Amino acid sequence: MTVSEVHHGRFLAVALGAVVGLVPAFGAEPEGATMQALRDELARSMAELRMDGMPAPYFIAYTVVDAETVETGASFGASLPTTESRSRRLHVELRVGEPAFDNTNYRDRSFLPTRTQTRTLPLADDYQEIRRQTWLATDAAYKEALEMLAKKRAVLQNETRSEDVADFHAQEPSSYFEEAVTTALPVGEARDLVREVSSVFVDMPLVHNSTVDATLGNRRITYVNSEGTAFTRSDPHATVWLRAQTQAEDGAVVDDFTAVHGQRWDEVDREGLVAAAREVGETVAARRAATDLVRYTGPVLVTGQAAAELFAQAFMPRLLGKRAPDMAAQFRRFGASRNPFLDKLGGRVLPRLLTVVDDPTNATDGFLGGFPVDDDGVPASPTTLVERGILRTLLSTRNPVPGVDASTGNRRGPGPLPSNLLVTSARGLAPADLNEEFAQLVADWGTEYGVVVHRLGNPSVSQDGASTTRVIVLGASPETSVEGVTLAYKVFPDGRRELIRNAEFTALSEATFKDIVAVSEKPTVYTMSYDASDFPAFSFSGVPGPGTPRITISIPDLLFEELTLRKPSENIPRPPVAGHPYFDDGRG
């Protein structure tokens, strides 16, 4: 048996042999009641769990998530309710059959994933109660797994799979243990900060709605599986969201947001929040008086935050290695479309000047998406996804997809997700050169002006400032939907700029990114909350609540030779009947 040390920046993971008890040099394995209860029940289940005439489990994994969270907010200087919560949840993943064909990668009429059972555990390290709940959850998972395996076999008994892809991939066992760090969550500090920041909007009567929300917490994950892999990992998080929204005189909704992230509360840039709130409010107020972009086709320069959001919403979901599950024939028309990038491995998906690498080991300041091991316990390592424009692989878990058998160590929740995504260029341009290239393109096209997009909406923020869930369809649709433009300008040949009120991209697809003609030499580093489903047809970018994974994208400004923008297609709501009270009480 060999022991190999793998360095991951600030992280250290050690790949071990099949004996669970071996401990890496990083630190001593925790001997708490939770880990011991999981190990004991795991050993008993693997040895004894079998119904007459039925297959025994060939794989079991237990994950316990301890979470402590504080959520607080304010609106126009007034505090909103503060919520403090503490939870401990057990997740059981169980497989029957064999790696080539098991109970997973199948959906019945519910379309819901069936790999896990979940139970609430006591907050205290009560060995007996943890064993009891683990036993019950394992029993339920086993019975459900047998049922799903029987259904899957029945569906496929008269069919031949078009692609012979295994359901599970072998993985060398590994161990990683972090010492628990208990940090009290500064509830009062967070409450005071959001109230202070939100008071910026009090003297902005043209801002009709605004909220400042803070979410901070500590998550502790304990994992063990029947192959010998075990880990404990801490995932602290802190985020402040600023939202502002108004309506123009014709009723058009104008909104914007910004978010500040940190691993811990003391890493959040609190000093910059007041300035950020003021900038968001002033920009929303200025756009209120601007005009919409009716329709434009031509060169578009997408910069900063907008470049990161556009890439994340329109291109990044294609880099996730998910496969369409087996389903009964009558349900397939409601099922998953195939990710077109599965058929583009080895083909060009970006201009040859761009390379895309996912690197969870990057611990540089501002990169918050990293981790030492993924949720399967696979040690983190960099993955080159696109090399000089050519698609080399997709981010994957231990569930193989056509063309990608092994895990890249990117399971985060139910499926694969990026960590720190770096888009780099072999030929980045200085700002003056990029602007010159943009101006030349506009002249070549003969358009009256070009368009520069600085900010784009985020799927987690609705127009009224509330959190919402948006479903991103990952099928072979010819057009990809992204959120509306929140800050953009018409740029004329004489250098004059004209603010655009609202606009949206249309006729956009992943193929559009092959038409990038130039990029900046300096990238923008941008962090976002992003969640993904286990269902390959969709990716969910929704409510950025506790435990929602965060992704950091480093990306240059992107100059597209041709994009189409138009006036938003939604109906415009009517403006408020009565005027703003700010003006009625004499302050306006």
Side-chain angles (χ1 to χ4, degrees), residues 4-15 26 171-172 174 176 178 221 231 233-237 261-263 267 305 307-309 311-312 315-321 341 345 349-350 353-398 404 406-413 415-426 428 513 519-532 539 548-556 558:
S4 61
E5 294 187 350
V6 184
H7 294 271
H8 306 298
R10 62 180 175 177
F11 301 121
L12 176 63
V14 180
F26 177 84
Q171 182 69 40
E172 285 295 317
S174 65
Y176 175 89
E178 285 182 356
I221 299 174
F231 73 82
R233 190 185 75 211
S234 295
D235 292 338
H237 61 90
H261 300 268
Q263 290 285 16
E267 296 177 11
Q305 184 264 15
E309 285 283 359
F311 190 86
F315 191 89
M316 188 180 75
R318 306 296 191 189
L319 299 175
L320 309 183
F341 272 21
L345 292 169
V349 295
L350 287 172
L353 58 89
L354 292 181
T355 293
V356 182
V357 176
D358 182 74
D359 187 2
T361 70
N362 189 330
T364 308
D365 287 345
F367 287 83
L368 304 180
F371 46 82
V373 293
D374 76 348
D375 290 352
D376 281 324
V378 179
S381 62
T383 301
T384 299
L385 298 166
V386 181
E387 184 178 23
R388 297 185 65 83
I390 305 300
L391 182 65
R392 297 303 184 191
T393 190
L394 303 178
L395 296 178
S396 60
T397 68
R398 296 185 62 184
V404 185
S407 172
T408 59
N410 283 88
R411 180 175 177 184
R412 306 182 71 186
L417 275 182
S419 56
N420 298 312
L421 205 60
L422 287 78
V423 182
T424 59
S425 171
F513 288 81
V519 301
S520 65
E521 61 183 0
K522 183 179 179 180
T524 294
V525 178
Y526 178 77
T527 296
M528 63 178 5
S529 300
Y530 194 94
D531 207 354
S539 184
T548 302
R550 290 185 298 185
I551 297 166
T552 296
I553 299 177
S554 174
I555 189 168
L558 309 174

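If you're wondering where the values come from, they're calculated on a predicted model, not measured in any experiment. Reckoned from all heavy atoms, side chains included, excluding hydrogens, waters and symmetry mates.
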Can you name the closest pair of heavy atoms from [X] and [Y] and give their distance?
X      : Y      : value
Thr397 : Pro416 : CG2-N, 3.6 Å
Asn410 : Pro418 : ND2-CA, 4.1 Å
Ser419 : Arg412 : CA-NH1, 3.6 Å
Pro317 : Tyr530 : CG-OH, 3.6 Å
Val378 : Gly409 : CG1-CA, 3.7 Å
Ser520 : Pro556 : O-CB, 3.3 Å

Would you please name every residue forming a side chain to side chain contact (heavy atoms under 4.5 Å, CB included) with [X], sequence neighbours left out?
X      : value
Gln305 : Phe257, Glu309, Arg455, Leu456, Tyr526
Ser234 : Glu178, Arg220, Pro236
Thr552 : Phe367, Leu368, Asn420, Val525, Thr527

Test side-chain hydrogen bond (donor to acceptor under 3.5 Å, both in side chains) applied to [X] - qualifying residues, sequence neighbours left out:
X      : result
Ser396 : none
Thr364 : Asn362
Thr355 : none

Could you pull out all donor-acceptor pairs under 3.5 Å where a side-chain atom in residues 387-394 meets a protein atom, sequence neighbours excluded?
unit_1 : atom_1 : unit_2 : atom_2 : d
Glu387 : OE1    : Arg392 : NE     : 3.1

Could you note down all residue pairs passing salt bridge (charged side-chain N to carboxylate O under 4.0 Å, His left out) where residues 360-375 supplies at least one of them, sequence neighbours left out? Arg233-Asp375
How about Asp358 and Thr383: does a side-chain donor come under 3.5 Å of a side-chain acceptor? no
Between atom [atom1] of [X] and atom [atom2] of [Y], what is the distance when rounded to the nearest 0.5 Å?
X      : Y      : atom1 : atom2 : answer
His237 : Gln263 : NE2   : CD    : 10.0 Å
Leu421 : Ile551 : CG    : CD1   : 7.5 Å
Leu385 : Arg318 : CG    : CZ    : 15.0 Å
His261 : Glu267 : NE2   : CD    : 13.0 Å

Is there a side-chain contact between [X] and [Y], using heavy atoms and a 4.5 Å cut-off?
X      : Y      : answer
Thr424 : Val357 : no
Leu395 : Leu417 : no
Val386 : Val349 : yes
Ile555 : Pro523 : no
Val356 : Leu354 : no

Check ring pair (Phe, Tyr, Trp, His ring centres under 6.0 Å) between Phe315 and all other residues, then give those that pass, not counting sequence neighbours. Phe311, Phe341, Phe513
Should the pair Arg398-Asp376 be classified as a salt bridge under the 4.0 Å nitrogen-to-oxygen rule? no
Side-chain donor/acceptor of Arg411 to backbone N/O of Gly413, under 3.5 Å: yes
